[in-house]
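Note that ligands are numbered from 1 as they come in the structure, with each ligand's atoms numbered from 1 the same way. This chain uses plain numbering: 1 for the first residue, then up along the sequence.
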Amino acid sequence: LRNCDHRRSGGGVLSIGVLCFKNLFMFSLKTIISYYWPHIIKYKKSFFSTFVFYGASMVIAGSITPLYYKKIIDVISLGDAVQNKETLLMSLFVKLALFILAYNVFFRTADFFMVFCQTRILRDLRNYAFDKITEHSYVFFSNNFSGSLVAKIKRFVGSFETIHDTTVFHFWMVAVKLLSIIVVLFWTIPILGLVFSVWCVAYIAMTMFFVKKKIKYDFKESEEDSRVTARFSDVISNILNIKLFTSQKNEYESFMEISERERLAQSKAWRLGNIIFASQGFLLMTLEIAGMYFAIRLWLDGSISAGSVVLVQIYMGGIFASIWELGRAVARFYKALSSASEMVEIFEKKLDVADLPNPESCAIKNGEIVFENMVFGYNKNNFVFESFNLKILAGEKVGLVGRSGSGKSTLTKLLLRFVDVKDGFIKIDGQNISNLRQSDLRKNIAYIPQDTILFHRSLRENIAYGNDQATEEEIVEASKKAHAHEFISSFSDGYDTLVGERGVKLSGGERQRVAIARAMLKKAPILILDEATSSLDTISEKYIQDSFEQLMSGRTTIVIAHRLSTVQKMDRIIVLDKGKIAEEGTHKDLLEKNGIYGELWKHQTNGFLE
Ligand code: ATP
Ligand code: MG
């Protein structure tokens with residue numbers, strides 16, 4: 001409390017006056033809330049109505065109805081000394097009944113508002129997280145475990161539910177209840193009002209103090225939890241390796257270590273939690289004993305009535321239940337903030353590949369590609385390309401060959417802007433691709449990657465992914481050309497067959513043929529095939545070569561292949577070596593030259609390895 005500088009944590013309502021978040025979290029409370037706020041404000045009427053109605057119900061249940069119980073008991077305890085006993089009691093009873101009714105109506109109304117706004121906000125947050133995460137670049141996803149990303153998204157959305165629930169049901173309702181009790185006490189038994197207020201301040205200060213201490217253990221706990229999740233997901237996606245290398249025992253042992261680390265982190269955090277509970281329990285006990293003592297003394301002195309003693313008892317009961325929960329709620333609230341901040345870290349991350357604020361409108365038509373003094377490396381010290389130059393004419397068919405790791409796939413990733421150049425530029429039809437919107441650029445490139453991954457959806461949906469306007473006839477026609485129709489029709493569900501996660505239920509060659517059909521549907525002036533036929537047998541490849549010729553006609557094409565037969569007929573073959581063009585020319589030129597290509601060719605008979 002003492003070290004807390006409100007201005008730094010954003011000030012206003014958001015700092016809740018007592019919490020100094022900047023020192024605790026990676027981000028200020030304001031930053032975290034700023035990701036929730038735009039979605040909250042859309043439903044501001046129902047959002048604020050919950051506060052009003054729950055607040056009203058708490059004022060009634062917390063302080064007004066006990067006041068009527070007190071009055072009724074006072075009348076009863078005085079017995080015959082009261083005139084018009086019956087009328088008085090009945091009128092008190094009717095008022096009490098009306099307040100009880102009002103309490104219920106307010107509370108249930110608030111429940112409906114709560115469901116209305118919370119479900120909508122949660123939906124919008126899920127959508128927002130989906131939208132934001134998919135904006136990140138290809139490299140971002142290669143650097144992050146998909147399992148822990150999914151867990152972070154779930155925690156970010158779930159955290160809102162916790163933050164909202166605790167704010168409404170604990171902070172707000174308890175605050176209203178306590179305030180109204182204190183007001184009534186000051187009004188009826190001032191000395192007890194004072195005792196209650198001092199106690200409340202002491203209780204809240206102590207809770208904040210401890211919870212703040214606990215937060216670093218909570219962080220550690222959630223860090224270890226992410227590690228466990230990530231390991232689970234890594235193991236599950238590598239299950240084939242585990243079976244193949246019979247490494248289940250080793251994996252289990254190393255998992256046990258990670259799991260034990262989570263237990264250690266948990267037990268530290270939870271032990272401190274127990275200490276907090278014990279201290280809170282102590283303060284509650286003190287209040288219970290002291291409150292009753294004061295009430296009895298005051299009754300003995302004749303300062304308060306029997307009804308007031310009951311009133312004190314009811315108030316204390318009400319306070320105990322809600323304030324005990326408040327302590328736990330503060331802990332849950334902090335924990336939710338720390339979980340949310342993991343995702344906020346990702347939201348705040350600058351996109352590796354971002355569109356310009358005002359991108360040029362895309363005028364790609366013919367597909368002439370120029371790389372000019374291009375520099376690129378995945379990391380600072382290791383460059384894949386240093387000053388790379390290449391011009392590919394519109395409609396030209398270029399074969400790209402070279403040793404593994406020479407940068408062929410990287411070149412296609414650069415062209416697709418999965419990664420951005422560090423220096424120099426890439427132009428298509430004279431337009432620098434860095435100035436284009438990524439989606440506009442990619443609409444103009446059909447790409448078949450080295451390893452095709454499919455959605456766990458039907459084959460039809462996977463093929464139509466290339467063009468959502470495609471008709472059933474077009475889908476079948478593309479599949480026929482890609483020689484995919486044969487195997488698809490042999491499945492009992494045909495085009496409705498589900499392909500399994502990432503397409504695992506298909507063979508490598510089948511997956512590739514689906515990818516080829518998908519690319520055929522995409523009407524793009526540029527075509528890139530990265531080892532697109534590597535999983536096909538030689539007969540299938542020969543068949544597909546015909547359809548490739550159709551696919552390539554009128555398109556600028558880059559074909560990457562290790563199997564030289566695939567690129568033999570290209571207009572030009574480029575041999576890449578360590579990110580540089582080592583040789584270029586037609587198949588015939590390069591054979592005559594007898595360089596790297598000639599060497600590679602010699603090891604393959606008619607393009608196939610001997
Ligand atoms: P192959 O014929 O085996 O497919 P390639 O010519 O396509 O090889 P690239 O995939 O372009 O090779 O890789 C070029 C270099 O960049 C390699 O040294 C590789 O280790 C490195 N590299 C590729 N992807 C990444 C990545 N995401 N992060 C860091 N380095 C990478
Ligand atoms: Mg490659």
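Aromatic ring centres of Phe388 and Phe376 lie farther apart than the 6.0 Å criterion allows. For Tyr597 and His587, the gap between ring centers is short of 6.0 Å. A centroid separation of 6.0 Å or more is found between the aromatic rings of His136 and Phe141.
Which parts of ligand 1 touch Lys408 is read off a 4.0 Å heavy-atom cut-off, strictly below it: atoms 1 (P), 2 (O), 5 (P), 6 (O), 7 (O), 8 (O), 11 (O).
Of the options Thr410, Val139, Leu576, Ile560, the smallest heavy-atom separation from atom 13 (O) of ligand 1 is shown by Thr410. Between Gly405, Ser406, Ser404, Gly579, it is Gly405 that holds the heavy atom closest to atom 18 (O) of ligand 1.
Pairs engaging residues 412-451 under the ring-ring contact (aromatic ring centres under 6.0 Å, His included) rule: Tyr138-Phe418 [sequence neighbours left out].
Using a distance-only test at 3.5 Å, with no hydrogens or angles considered, no donor-acceptor pair links the side chain of Lys268 to the main chain of Tyr217.
Protein heavy atom closest to atom 4 (O) of ligand 1, with residue, atom name and distance, is Gln450 NE2, 2.8 Å. Looking from atom 23 (C) of ligand 1 to the surrounding protein, the closest heavy atom is Tyr378 CE1, 3.3 Å. What sits closest to atom 10 (O) of ligand 1 on the protein, heavy atoms only, is Ser409 CB, 3.6 Å.
Here the rule is salt bridge (charged side-chain N to carboxylate O under 4.0 Å, His left out) with Glu342, and of Lys152, Lys154, Arg155 only Arg155 fits it.
Taking a cutoff of 4.0 Å between a charged side-chain nitrogen and a carboxylate oxygen, Lys408 and Glu531 do not qualify as a salt bridge.
For atom 26 (C) of ligand 1, the nearest protein heavy atom is under 4.0 Å away. For atom 20 (O) of ligand 1, the protein comes within 4.0 Å by no heavy atom at all.
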I'd like to know whether Arg261 forms a salt bridge (charged side-chain N to carboxylate O under 4.0 Å, His left out) with Glu257, so could you lay out the CA-CA distance, the side-chain angles of the two residues, the decisive distance to 0.1 Å, and finally the verdict. CA-CA 6 Å; Arg261 277 168 57 177; Glu257 271 171 39; over 6 Å; no

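Using a 4.0 angstrom heavy-atom cutoff, Val384 counts as in contact with ligand 1. Assignment of His562 to the shell around ligand 1 is supported, since a heavy atom sits closer than 4.0 Å. Ligand 1 lies out of reach of Gly402, whose nearest heavy atom is not under 4.0 Å from it.
At a threshold of 2.8 Å, the Mg ion (ligand 2) has a backbone or side-chain N, O or S atom of Ser409 nearer than that distance.
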